[in-house]
Protein chains: 2
Amino acid sequence: MGRWQPDAQGRLQQAALDLFAERGFEQTTVAELAQRAGVTERTFFRYFSDKREVLFSGEAELRSAFVDAGAGAPRDATPGDVMIAALDAVATFFPAERRAFARQRHAVIRANASLQERELLKLAGLASALADALHARGVRGPAASLTGEAAIAVFKVAFAQWIADPDGRDLARIQREMLAALGHVTAPG
Amino acid sequence: MGRWQPDAQGRLQQAALDLFAERGFEQTTVAELAQRAGVTERTFFRYFSDKREVLFSGEAELRSAFVDAGAGAPRDATPGDVMIAALDAVATFFPAERRAFARQRHAVIRANASLQERELLKLAGLASALADALHARGVRGPAASLTGEAAIAVFKVAFAQWIADPDGRDLARIQREMLAALGHVTAPG
DNA sequence: GTCTATAGTGCGATAGAC
DNA sequence: GTCTATCGCACTATAGAC
């Protein structure tokens, strides 16, 4: 066994979720997080570029899933088809077992404006990643951006529903319904 | 004439736009902004809750316009109708004369992640304000949220287009086109 | 208007693994 | 010796408390 406990990053993330839930984001200092994880403040900032980031490091995987779904779609797929593939891919990251965790994390974020800001930035990153993937497929800029933004709009609302829904319908299904509802809202006439 | 120059708030906003554009958001300290506006740091934080907020204080007006458009729609208006009314209302805030200003402000924000975060939070606030207005009209929660998010998606993409478009079509028109395009993307089939 | 806690950065030191 | 993870310390700016 080495000089240090393994997985300092994981311990910091766990400490953050616990302490933020218990006493709030602003009432928790980085020093306290570090202490609970058995490292120093300096080490915290080696793993996370800022205090908020400790809750958001999983976004990279989500983004690849989102983009790969776009890249893997058949050549004649429409932007709408690609969006559905992306939404289905993202849903696989949130199986029923992760609902309790997701709910706790969501509650922590909802309680603090600066955490919401970070979450929104990450979601906007997903939207533009999907837009880029569509653009690479030959979809013109505005339509690609719009599709990316629409996908995120569906995801956001469906995710909130998935968290709240007591009978636990799966996220993919909720997203399909939301997408249909969006089609209804934006239908001409 | 009084002891102080009038409109300290306006001078701080102008100083911020100039200095952020010139040397970047992070390279500009609040002390420098305050000095250029002829006030102290303390005065800056009296007007703006944080350094970023100096670029975003106009959001309240936008939000009322957004909400009022919803409240003022006829009783039998669909969520889609309300969304169009809200988008038309927001477009009146961005006449052709403000394009140069909007473009500069947008460039400053685009150059800094934390400013993007703040902008996204303000836009999310607009989305939920519209959702609340729809909810008050009897639209059920998820459909109301979805409509709010869709309106913001259209606004974001249309606004970027309006800023970039060299021949200056007006924002309301671009938004109508974007909405139609969104209807096409989300159409079933 | 003054004081202070906290976030976040830069750089060098240290302790182990190889 | 090299490489990597961690720590220690000094420092600035934001933001809130007093």
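None of the values given here were measured: they were computed from a predicted structure.
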Between atom [atom1] in [X] and atom [atom2] in [N], what is the gap in whole Å?
X      : N      : atom1 : atom2 : result
A:E32  : C:dA5  : CD    : P     : 14 Å
A:R42  : C:dC11 : CZ    : P     : 11 Å
A:F25  : C:dT6  : CZ    : C1'   : 11 Å
A:N112 : C:dA7  : CG    : C1'   : 14 Å
A:D50  : C:dT9  : CG    : P     : 8 Å
A:L33  : C:dT6  : CG    : P     : 12 Å
A:E26  : C:dA7  : CD    : C1'   : 12 Å

When all nucleic acid strands are considered with a 4.0 Å heavy-atom cut-off, which category describes A:Y47: base, sugar-phosphate, or nothing?
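If one applies the 4.0 Å heavy-atom cut-off, A:Y47 turns out to touch the sugar-phosphate alone, with no base involved.
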Holding to ring pair (Phe, Tyr, Trp, His ring centres under 6.0 Å), I want the full list of residues that pass it with B:F159, two or more places apart in sequence or in another chain.
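Scan of B:F159 (ring pair (Phe, Tyr, Trp, His ring centres under 6.0 Å), adjacent residues dropped) gives B:F94, B:H106, B:F155, B:W162.
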Could you pull out all residues at least two apart from A:F25 that satisfy ring pair (Phe, Tyr, Trp, His ring centres under 6.0 Å)?
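Scan of A:F25 (ring pair (Phe, Tyr, Trp, His ring centres under 6.0 Å), adjacent residues dropped) gives A:F20.
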If a pair satisfies ring-ring contact (aromatic ring centres under 6.0 Å, His included) and one of its residues is in residues 48-84 of chain A, list it, with sequence neighbours excluded.
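Non-adjacent pairs meeting ring-ring contact (aromatic ring centres under 6.0 Å, His included): A:F44-A:F48.
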Quick one: ring-ring contact (aromatic ring centres under 6.0 Å, His included) pairs with a partner in residues 121-151 of chain A, sequence neighbours left out?
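Passing the test, one end in residues 121-151 of chain A: no pairs.
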Under 4.5 Å between side-chain heavy atoms, hopping through other hydrophobics if needed: is there a path connecting B:M83 to B:L171?
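Cluster IDs for B:M83 and B:L171 match.
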What donor-acceptor contacts under 3.5 angstrom involve side-chain atoms of residues 31-38 of chain A, with partners at least two apart or in another chain?
unit_1, atom_1, unit_2, atom_2, d
A:E32, OE1, A:R23, NH1, 3.1
A:E32, OE1, A:T29, N, 2.9
A:E32, OE2, A:R23, NH1, 2.9

Nucleotide interval of DNA chain D bounded by contacts with chain A (heavy-atom cut-off, under 4.0 Å)
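First-to-last contact on DNA chain D, by the 4.0 Å heavy-atom rule, is D:dA5 to D:dC9.
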